[in-house]
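Order of the sequence lines sets the chain letters (A, B, ...), proteins ahead of strands, with each chain counted from 1.
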Number of protein chains: 2
Amino acid sequence: MAQPGTARGAGSRPGRARPRSVSVKDVAATAGVSIGTVSNVLNRPDRVAAGTRAKVEAAMTELGFVRNESARQLRAGRSSAVAYVMLDATNPFFTDVARGIELTAEKADLSVFICNSGNRPEREHAYLDRLEQQRVQGILITPIDPADPMLAEVAARGIPVVLVDRTSDVARHCSVAVDDVSGGELAARHLLELGHERIAFVGGPASLGQVRERLDGARRAVASAGLPQDRLTVLVSAELTVAEGRHAAQLLAGLPASQRPTGAVCANDMVALGLLQQCVTLGLRVPDDLAIVGYDDIDFAAAATVPLTSVRQPRLQLGETAADLLIDEASNPDHQHRQVVFTPELVVRGSTRRPA
Amino acid sequence: MAQPGTARGAGSRPGRARPRSVSVKDVAATAGVSIGTVSNVLNRPDRVAAGTRAKVEAAMTELGFVRNESARQLRAGRSSAVAYVMLDATNPFFTDVARGIELTAEKADLSVFICNSGNRPEREHAYLDRLEQQRVQGILITPIDPADPMLAEVAARGIPVVLVDRTSDVARHCSVAVDDVSGGELAARHLLELGHERIAFVGGPASLGQVRERLDGARRAVASAGLPQDRLTVLVSAELTVAEGRHAAQLLAGLPASQRPTGAVCANDMVALGLLQQCVTLGLRVPDDLAIVGYDDIDFAAAATVPLTSVRQPRLQLGETAADLLIDEASNPDHQHRQVVFTPELVVRGSTRRPA
DNA sequence: GGCCGAGTTTGAAACCTTTCAACGAAGGGA
DNA sequence: TCCCTTCGTTGAAAGGTTTCAAACTCGGCC
């Protein structure tokens with residue numbers, strides 16, 4: 001079998017030096033055609049005579065030719081990839097968003113680089129740097145801070161940046177998000193419509209925009225049901241974890257039954273699951289003593305001891321739409337930035353029911 | 001502010017044509033030095049006189065210069081990135097492995113591309129193709145089929161391939177895995193040592209090597225406890241899901257108490273959680289009526305209604321070691337392939353106890 | 001004053017692919 | 001027979017970076 005670059009001879013080190021990889025030049029030499037023809041076989045096979053094409057293809061297989069993407073990109077001026085910088089790879093929500101992005105990108109014949117900032121700003125910055133150096137077609141990102149000036153700088157240098165699950169007040173990027181106010185409203189209204197008249201909201205910290213908005217939604221639902229706001233008990237948690245949900249259950253169980261809320265809206269499913277589990281442990285029946293609504297509809301929500309009613313966000317669609325916006329921005333000269341907001345949907349399961 | 005490539009003038013289309021990005025050439029022109037000097041500022045700043053360096057750096061900032069990674073790679077012959085092709089991005093196990101890989105790669109100043117095959121062979125192949133075209137330094141992969149000839153081909157073309165959480169019978173790649181036999185043994189032995197004498201193994205399908213080995217381990221534990229193998233009831237499930245775990249609970253609950261196992265070893269935590277939840281629903285107490293051991297120690301294991309005893313695999317370390325092996329293979333001419341096998345560890349929680 | 005060497009800077013080549021104008025050959029029509 | 005077309009193929013240039021031998025500058029020394 002022919003070796004690439006035989007002119008080089010045995011190379012410098014006698015050991016296991018990595019052999020230069022096979023290039024179009026090697027293929028052309030083996031097939032007895034010019035470099036241009038090899039390139040045509042790769043990019044416009046219809047312009048090459050059948051016999052020639054066969055010869056070239058045979059040479060490629062024989063030599064084990066693999067296109068050099070760097071050289072292609074250099075010539076093309078940009079890569080055929082986009083990137084998604086995600087906030088937290090261990091959160092199923094974001095992996096589903098990523099899947100949506102991949103689906104759309106695949107259709108447009110783009111690769112997707114998934115990068116995980118893991119909530120660390122320095123890693124986010126390092127990835128943005130690298131991606132810009134790679135000349136990616138565009139960057140999808142769920143940023144740690146949507147107002148980070150670096151995002152604006154990258155965009156200013158001509159690389160499309162789309163915010164995912166976040167909004168930007170300035171219309172400098174496209175963005176795709178889900179309406180958290182209406183999600184919170186949806187959850188609370190469901191309980192109110194079932195006849196619950198005392199409701200708890202469990203979640204925090206208040207510094208999270210998403211938590212604040214979901215709570216606002218719940219308040220709005222209480223108001224439009226014509227009930228006074230003191231019917232909504234707010235239990236602020238330190239974070240959105242199972243442990244904090246359990247803690248909330250302790251607090252609720254400690255209340256006299258006459259004052260205890262009969263329904264709870266949780267800021268996410270982890271909290272809801274903790275609440276649910278601890279209620280079971282403490283002997284509070286779900287949904288009879290306490291109806292529970294979660295948020296996110298993670299897979300575990302449906303699989304809990306009592307299947308959890310939850311607010312579902314269109315995760316896949318979030319990713320798909322974000323990728324669509326990015327592709328438009330990258331390829332359409334008349335692109336206009338858009339802020340897309342999805343409406344969440346309620347999935348009713350066994351954890352909610354008319355109060356006993 | 002100076003524009004790159006002013007010679008080009010207003011370009012072809014009047015609209016918002018993407019401007020050519022700034023190159024070393026532009027920087028050199030602005031700073032009034034040669035291209036070589038700019039390159040030296042980037043790569044060997046100590047060889048450049050302080051004044052010159054300052055001029056060049058000023059020009060870079062002024063023009064917004066960003067290195068072109070394609071051109072660097074083309075010159076260097078390979079990229080400064082490695083890739084991890086993971087089997088299932090929605091499984092927390094793999095995202096933790098990925099984190100371990102990132103940790104190690106970061107230290108070696110390598111980027112990591114995370115690719116998700118999602119258990120689909122055609123996507124795995126597409127990613128392998130792309131990665132090879134990118135000339136990555138090496139590929140870490142949890143393959144759908146460790147015997148896939150494509151892995152051998154890639155390796156034969158000189159790209160290091162390391163198998164993660166899988167082993168290869170042929171010593172063609174390095175591999176990193178966890179000893180599933182000893183994990184299964186660990187779980188079963190724990191129950192036996194607590195005094196359980198009838199044990200169930202729940203998991204499947206049998207086509208999964210991991211399931212088979214965990215079962216083998218359980219069998220071994222039963223044997224070394226001096227008990228006959230019929231004390232081990234094997235419930236083969238169709239897949240490793242919560243739903244299948246629930247199903248197993250139905251089967252167990254249907255047995256007369258005298259024959260019913262008092263302890264269960266599950267092939268993973270999802271199955272264990274389903275088993276646990278359905279037991280609670282059916283009124284079987286855990287751990288009093290049935291002690292349960294899971295496998296993987298996912299975060300939800302500790303957060304279940306009854307915290308789950310589980311077999312923990314060193315996920316982070318798995319990734320770190322795999323990356324170390326890859327880096328060695330890519331840079332050390334005397335590299336020898338190695339098959340590293342980790343030993344899992346048992347985490348005891350509330351779901352196991354001495355039988356009533 | 002001329003020479004040497006250290007410290008800087010330069011210019012050109014190389015990496016591999018794609019593109020495109022131009023060339024050659026073959027076939028058809030006048 | 002000659003010209004025109006069409007189809008295939010070629011050769012060279014371009015894209016941005018890195019590397020390296022060569023050139024240059026300056027100070028010091030003989």
Roughly, in whole Å, what's the span from [atom1] in [X] to [atom2] in [N]?
X     : N      : atom1 : atom2 : answer
B:D26 : D:dT17 : CG    : P     : 9 Å
A:N43 : D:dT9  : CG    : C1'   : 15 Å
B:R47 : D:dT25 : CZ    : P     : 21 Å
B:R44 : D:dC20 : CZ    : C1'   : 9 Å
A:R78 : C:dT18 : CZ    : C1'   : 15 Å
A:R75 : D:dA12 : CZ    : P     : 16 Å
A:Q73 : C:dT18 : CD    : C1'   : 14 Å
B:L74 : C:dT18 : CG    : C1'   : 13 Å

Please pick, from [options], the nucleotide with the shortest atom-to-atom distance to any side-chain atom of [X].
X     : options                : answer
A:R72 : C:dT17, D:dT9, D:dT17  : C:dT17
B:N40 : C:dG11, D:dT19, D:dT10 : D:dT19
A:A71 : C:dC16, D:dT9, C:dT18  : C:dC16
A:V24 : C:dC16, C:dT10, D:dG8  : C:dC16
B:A49 : C:dT18, C:dT9, C:dT17  : C:dT9

Could you check whether B:V38 gets within reach of a base, just the sugar-phosphate, or nothing at all, counting any heavy atom under 4.0 Å?
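The answer is nothing, as B:V38 stays clear of every strand by at least 4.0 Å.
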
Could you tell me whether B:S70 contacts a base, only the sugar-phosphate backbone, or nothing, with contacts defined as non-hydrogen atoms closer than 4.0 Å?
nothing

Got a salt bridge between A:R67 and B:E132, using NZ or NE/NH1/NH2 to carboxylate O under 4.0 Å?
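Salt bridge absent between A:R67 and B:E132.
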
Looking at A:R135 and B:E69, does any basic side-chain N land under 4.0 Å from a carboxylate oxygen?
no

Any heavy-atom pair between the side chains of A:S117 and A:I144 that's under 4.5 Å?
yes

When you measure from the side chain of B:S111 to the backbone N and O of B:A81, does any donor-acceptor pair fall under 3.5 Å?
no

Closest-nucleotide ordering on DNA chain C, the 5'-leading residue of A:A76 and B:A76:
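Final value for this comparison: B:A76.
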
When B:R166 is tested against each of B:L87, B:I141, B:V176 for side-chain contact (heavy atoms from CB on, under 4.5 Å), which residue passes?
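The passing option is B:L87.
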
Looking at A:S23, I'd like to know whether one of its side-chain N or O atoms comes within less than 4.0 Å of OP1 or OP2 on C:dC15.
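Result: no.
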
Tell me whether the side-chain N/O atoms of A:T37 come closer than 4.0 Å to OP1 or OP2 in D:dT10.
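Answer yes for this pair, as a side-chain N or O of A:T37 is under 4.0 Å from OP1 or OP2.
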
